[in-house]
Amino acid sequence: MRFKKSKILYEQALRVLVGGVDSPVRAFRAVGGTPLFIRKAKGSRIWDEDGNSYIDYVCSWGPLILGAAYPNVVNAIRAQAAKGTSYGAPTKLETELAELIIDAFPSMEQLRFVNSGTEAAMSALRLARAYTKREKIVKFEGCYHGHADSFLVKGGSGMATFGVPDSAGVTRSAAADTFTVPYNNVEAVKTVFEESSDTIAAVIVEPVAGNMGMVPPKQSFLQALREITRKDGALLIFDEVITGFRVAHGGAQELFNIKPDLTCLGKIIGGGLPVAAYGGRAELMHLVSPLGPVYQAGTLSGNPLAMAAGIATLNELKRKGIYDKLEKRSAKLAGGILKASASTGSSVHLNRVGSMLGLYFTEQEVTDYATAKSTDTGKYRVFFHSMLKNGIYLPPSAFETIFVSTAHTDTDTTQTIRAVEKALRRIRAESEAS
Ligand SMILES: *Cc1c(COP(=O)(O)O)cnc(C)c1O
């Protein structure tokens, strides 16, 4: 396998694009080597500029639940493009996509489309602050809600602490409004609320955490968040940018039967184009401009091309049995990985919720950011490159979710498991040699 063209393209990109990329993890810093420049993708496969092909488990970081270039989605985009790509005026497409979403997410009576998950989370927070007339927020260590200032905050380990900025350029005052507590830790949330009751506008959570590998919520964690926030008068925001239409048709709130006050969606609802949304009860959403005082707008929001892709995607996802099929395929892959791990004597810990997998090189149960970080990133590096050489494209970081799509076939699964076994043997051999 050669990466000659990717290397040249990367060098060219480095001259004009910051770090050669438009989103940091794409740069392969966490695993080393040259990022692959992609020429095309179809179904479960992706091709780089050198002509190598791979089974793709990044799936554009979540959106491509139907696989790449799904025919109905491509046709919808093509048909709409011929009619114009943006008008800056309402279209019936926005209503249609909103109806498809609201049918699946009964907690959302109304919603607003935006262009990225970052915007959705940022706007939901602004709305929560306006509604509660409070300023603090609670987020969880290892959860990602886009790159708005309030969310780029790391907490001290253990007990909740006042946040310190996790990125240059974030003011201390923005960070000070964010409390960060460990995921799955109800006691820590209770403590924050005891110490700061009547000041917290919202708790924001990934109901299944997909940005520290993949960490499922413990039994009753989400229910506890619901009760604590309700009792204090704070809002509960589910950031379902990944989990929406992924872990179930109605997202994690359907899977775990919890009704948040506000929901953020993104990724899948745009069918591979830039779409996200936030929504909730009408009473809350009526605070947003033009009905209310919370300002939020977007030149390309509700973009017709993106709406068309979203509609085509969500219509496919209404098909009967589609989530069962995803579940079966993902279970088979997970089973194969665990078997390969056992047969090679590896210490792999695997989390799975539906078609989301989190793979860790650790002996520990992974339930929060601290345990996620116990993974051996050096081993992941070796694993990643071995998989790549065997035609499997995994996320280029040990802290990202592996996604299965409806386009992955039984043959893909078999090939992947075979590659996993090889990669684990290689890791074994390297650690014995050293
Ligand atoms: C990807 C992601 C975001 C940010 O979405 P962008 O479209 O990348 O801005 C927010 N929240 C979660 C849970 C995500 O996974």
Side-chain angles (χ1 to χ4, degrees), residues 21-27 57-65 101 105 111-128 137-153 166-167 178 180 183 202-217 222 225 236-247 251-253 255-256 260 262-279 296 298 300-303 306 309-310 313 351 353-358 368-369 372 395-397 399-403:
V21 293
D22 282 308
S23 200
V25 190
R26 294 180 197 169
Y57 289 99
V58 179
C59 295
S60 185
W61 305 91
L64 302 182
I65 192 167
I101 292 171
F105 287 77
L111 60 81
R112 168 64 60 82
F113 285 116
V114 290
N115 303 302
S116 70
T118 293
E119 273 184 84
M122 181 183 78
S123 309
L125 174 59
R126 185 179 301 147
L127 173 55
I137 60 160
V138 174
K139 77 173 281 289
F140 295 91
E141 261 173 58
C143 279
Y144 180 66
H145 305 292
H147 61 83
D149 284 3
S150 315
F151 301 123
L152 293 179
V153 175
D166 203 15
S167 160
T178 303
T180 307
Y183 197 76
V203 171
I204 186 164
V205 65
E206 289 181 71
V208 174
N211 287 285
M212 46 172 152
M214 199 288 292
V215 178
L222 299 173
L225 296 184
L236 179 60
I237 306 173
F238 269 15
D239 182 347
E240 297 226 42
V241 169
I242 287 182
T243 54
F245 294 95
R246 167 64 67 180
V247 295
Q253 50 197 274
L255 188 64
F256 300 109
L262 291 170
T263 299
C264 303
L265 295 172
K267 298 194 168 122
I268 288 175
I269 66 164
L273 272 77
V275 182
Y278 65 102
Q296 186 272 303
L300 290 176
S301 293
N303 174 265
T313 300
N351 284 335
V353 176
S355 54
M356 294 172 68
L357 276 68
D368 58 14
Y369 194 40
S397 156
F399 300 103
E400 301 288 350
T401 297
I402 293 166
F403 291 105

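Counting starts at 1 for both ligands and their atoms, in listed order.
Atom CG in N303 sits 7.5 Å away from atom CG in N115 (nearest 0.5 Å). The distance from the CG atom of L225 to the CZ atom of F238 is 7.0 Å, given to the nearest 0.5 Å. Separation of atoms OG (S150) and NE2 (H145) is listed at 11.0 Å; rounding is to 0.5 Å.
Within a 4.0 Å radius of atom 8 (O) of ligand 1, the protein contributes no non-hydrogen atoms.
Between L127 and Y278, some side-chain heavy-atom pair lies under the 4.5 Å cut-off. Looking at T401 and L357, their side chains never come closer than 4.5 Å, going by heavy atoms from C-beta outward.
If you check which protein heavy atom lies closest to atom 11 (N) of ligand 1, you get D239 OD2, 2.7 Å. Among protein heavy atoms, atom 6 (P) of ligand 1 sits closest to G117 N, 3.3 Å.
Residue contact check: E206 has heavy atoms under 4.0 Å from atoms 13 (C) of ligand 1.
Under the 4.0 angstrom criterion for non-hydrogen atoms, H147 is not in contact with ligand 1.
With a 4.0 Å heavy-atom cut-off, ligand 1 is reached by the side chain of K267 but not by its N, CA, C or O.
If you look at F245 and F105, their ring centroids are closer than 6.0 Å.
Inclusion of H145 in the set of residues having an N or O under 3.5 Å from an N or O of ligand 1 is not warranted. Considering backbone and side-chain atoms together, I242 places no N or O closer than 3.5 Å to any N or O of ligand 1. For ligand 1, one of its N or O atoms has an N or O atom of T118 under 3.5 Å away.
For the residue pair T243 / E206, no side-chain donor-acceptor distance below 3.5 Å is found, with atom types taken as modelled.
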